[in-house]
Protein chains: 2
Amino acid sequence: MENFKHLVESYDGKLTTADRDLISIILSEPSEVVYLSSSELAAKANVHASTVVRMARKLGFEGYPDMRKSVRYDVDQNSGFANISQQRRTSIAHGSNLASLVEGEMAALAAVLNSVSQGQIDEGAQLLANADVIYLVGRSSAEPLMVHLNRRLRRAGLRVETLLNLQRRDMAERLISLQENDVVIAFGFQAPISLPASFEALIKHAQLIGAKTINIGDTSILTVRPRANLTLSVSRPDEGAMQLRSGVMIVCEALAMTLANKNPERALLGLESLERLRSDMQGE
Amino acid sequence: MENFKHLVESYDGKLTTADRDLISIILSEPSEVVYLSSSELAAKANVHASTVVRMARKLGFEGYPDMRKSVRYDVDQNSGFANISQQRRTSIAHGSNLASLVEGEMAALAAVLNSVSQGQIDEGAQLLANADVIYLVGRSSAEPLMVHLNRRLRRAGLRVETLLNLQRRDMAERLISLQENDVVIAFGFQAPISLPASFEALIKHAQLIGAKTINIGDTSILTVRPRANLTLSVSRPDEGAMQLRSGVMIVCEALAMTLANKNPERALLGLESLERLRSDMQGE
DNA sequence: AAATCTTTGCAATATATATTGCAAAGATTT
DNA sequence: AAATCTTTGCAATATATATTGCAAAGATTT
């Protein structure tokens, strides 16, 4: 099984960028590739057909059709969804962590749609679109989320400040600069430690200034008072020991995507200045 | 669905014996037929290739390849996986970002089990269990993953160093301290910028020292040479513009969980000293 | 900077596949 | 049985696909 992938892994000659691109396409959508001719595959990878043939030979195949045959074999092996769910069941029976994690996260993702509506996402995106500076506030368990959202928002051309794990005193110091047109996004989770220090004081302060607030997290944030302008609470089906926040992550992503669609010029600007900066710094 | 069968049923012209033989083969083993040329199919039915072409035209297709395309479509529809992505496509058409994101990530998670085995996870956990210091290396798109894994490993009582976004020179500086019993985990993704600077040099260096290396990422890391001791490559069904790394995240989590199970004393120690530290610092 | 090696696209060629006219064999009608 | 129609294979042709030599561009070494 998985002949082709195996073959690539164990191949120890040189592979060019074009080869890698091709391999990546073959591995990521093999079930498309099985129907493609050499030149069609080449087009998909923005590469010349001859490169396709040469790669096939490099990997030890007789030619392109031979390689495609091998991919077909792999795909036929893996297809038939009986196979998949059978695989899943057996690996769960085996006590496999990976399979049960996957299962759990899939359930969690499915549950997201019951917790958060597209309407709420739109609302959040609108708040962010109007924002001057966006503050992300949270404790360390929210750090991966904050890192990701920070990145996405900056790419959309927005100014973002991250306030991670701050004590009351330091947080106050960082928030003096908060202004009317800013937005505060505060992340809150129940276990093991709940909300960022002075979560409620934070929201009160923001409201006083006239800044908007968004709370994102699990069900524990539903009880925060005063209420934020928008509360995006994701409930988990198992609420267990899981540390992954896939559900919340996906909510953040949806916010960022909706925002980008809303404001394509600004996003483009952000990307352009990123590119310019990048090349400028390369030049040095 | 079942376009071809339908078409045949509703066809009211004359069909010869040869036609019927052909149709019977197509309907009884369509998943074979999708790969056959006209003459191969002809041979299977003990018929001449020209008959195949004529039948295709009779049924209203432009020619043999056109008919085969239709059969392919039917087969792809029925193959289970397609069902999921079709569902996804419709919800994208609906314009709901959140719902389509959720569908996409669920498909990505399901695909993880085809990319990575629990055996590989166990192997990785064993490497980590024996490690003295663990180095996490990656570029900024991997930062959320690194942040998360860092946290989890520290909680399991391990020493972790994070090398984010470093240039060759700085990375070299940080890696002088690399020793024989250490492990380097390097994250690599294709787009938009591929691998961390000097990815390959890094692995070479580690091997020289005798340290172990683990590569985690998408299919682009399969082609890295020299090979790491363990390569955990997660392929995505769509490989699209998605920035979320749920699949890879879950692999990291599985590593951490398996490790914690393997080494419960150490993990406990880690948690205890965390608690002690925490209360000590509260006291101040 | 010059020399060498590597990679890649182009264009020519080779091979495979699909299509069609024609004629022969078989079926059907008169 | 003769005439006509239908079906099919063969062989010629058209089209699509795969492969390869060659040269240019780029990367690497000297």
Side-chain angles (χ1 to χ4, degrees), chain A residues 4 8 11-26 32-73 279 282-283, chain B residues 4 8 11-26 30 32-73 168 190 193-195 197-201 204 220 223-226:
Chain A
F4 183 80
V8 170
Y11 175 74
D12 62 347
K14 280 165 202 163
L15 289 172
T16 68
T17 322
D19 292 337
R20 284 155 198 256
D21 288 354
L22 281 167
I23 288 170
S24 160
I25 283 178
I26 297 170
E32 306 264 324
V33 172
V34 290
Y35 295 144
L36 301 180
S37 69
S38 61
S39 48
E40 286 167 329
L41 173 58
K44 237 177 144 60
N46 290 313
V47 144
H48 201 268
S50 43
T51 306
V52 174
V53 176
R54 287 174 189 131
M55 187 207 52
R57 309 202 74 132
K58 242 193 236 175
L59 292 179
F61 296 102
E62 218 170 85
Y64 175 71
D66 189 37
M67 182 180 85
R68 184 177 51 193
K69 205 172 88 188
S70 157
V71 176
R72 283 175 177 177
Y73 181 81
S279 63
Q282 294 261 336
Chain B
F4 184 81
V8 170
Y11 176 75
D12 61 347
K14 281 164 202 163
L15 289 174
T16 68
T17 323
D19 291 338
R20 281 155 201 269
D21 287 355
L22 281 168
I23 287 169
S24 152
I25 283 177
I26 297 170
E32 307 264 323
V33 172
V34 289
Y35 296 144
L36 301 180
S37 69
S38 60
S39 48
E40 285 167 330
L41 173 59
K44 236 175 143 61
N46 290 315
V47 144
H48 199 268
S50 43
T51 307
V52 174
V53 175
R54 286 172 188 133
M55 185 206 52
R57 311 202 71 134
K58 241 193 238 176
L59 292 180
F61 296 102
E62 216 170 88
Y64 175 70
D66 189 37
M67 183 180 83
R68 185 176 51 191
K69 205 172 89 186
S70 157
V71 177
R72 283 175 177 177
Y73 182 80
R168 285 162 186 268
Q190 192 130 57
I193 338 161
S194 52
L195 308 172
S198 55
F199 207 90
E200 315 206 324
K204 245 178 241 166
S220 70
T223 54
V224 169
R225 295 291 179 283

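Keep in mind that this is a model prediction, so the values were computed, not measured.
Rounded to whole Å, the distance from CD on E62(A) to P on dT15(C) is 13 Å. The CG-P distance, from L36(A) to dA16(D), rounds to 17 Å in whole Å. A straight line from CZ of R68(A) to C1' of dA16(D) spans 12 Å, rounded to a whole angstrom. Remark: C1' of dG9(C) and CG of D21(A) are 16 Å apart, rounded to the nearest angstrom. The interatomic distance linking N46(B) (CG) with dT7(D) (P) rounds to 19 Å, in whole Å. Taking atom OH on Y35(A) and atom C1' on dT17(D), their separation rounds to 19 Å, with Å as the unit. Between the CG atom of L15(B) and the C1' atom of dT6(D) there is a distance of 14 Å, rounded to whole Å. The OH-P distance, from Y64(A) to dT17(C), rounds to 13 Å in whole Å.
By the 4.5 Å heavy-atom criterion applied to side chains, L36(A) and K44(A) are counted as neighbours. Here the side chains of Y11(A) and K58(A) are in contact, with some heavy-atom distance below 4.5 Å.
In this structure, dA3(C) and dT28(D) make a Watson-Crick or G-U wobble pair, each of the two defining distances being under 3.5 angstrom. When Watson-Crick and G-U wobble pairs are counted only if both distances are under 3.5 Å, dA18(D) pairs with dT13(C).
Proximity of S39(B) to the phosphate of dA16(C): no side-chain N or O atom is located under 4.0 Å from OP1 or OP2. Regarding contacts with the backbone of dA18(D), a side-chain N or O of S37(A) is found under 4.0 angstrom from either OP1 or OP2. Between S38(A) and dA18(D) there is a side-chain N or O to OP1 or OP2 distance below 4.0 Å. The phosphate of dT7(C) has neither OP1 nor OP2 within less than 4.0 Å of any side-chain N or O from T17(A).
Each of I26(A), L41(A), D19(A) was evaluated against V52(A); a single residue qualifies, L41(A), per the side chain to side chain contact (heavy atoms under 4.5 Å, CB included) test.
Residues of residues 48-58 of chain B having a heavy atom closer than 4.0 Å to DNA chain D, listed by number: H48(B), S50(B), T51(B), R54(B).
Residue K69(A) places its NZ atom among 12 or fewer non-hydrogen atoms of other residues, nucleotides or ligands, all under 6.0 Å distant.
In this structure, Y35(B) and Y35(A) have tilted ring planes: the angle between them lies in the 30° to 60° band.
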**Item:** Stepwise side-chain contact (heavy atoms from CB on, under 4.5 Å) test for I23(B) and R20(B)
**Value:** CA-CA 5 Å; I23(B) 287 169; R20(B) 281 155 201 269; 5.7 Å; no
**Message:** Between E62(B) and M67(B), is the side-chain contact (heavy atoms from CB on, under 4.5 Å) condition met? List the steps.
**Reply:** CA-CA 8 Å; E62(B) 216 170 88; M67(B) 183 180 83; over 6 Å; no
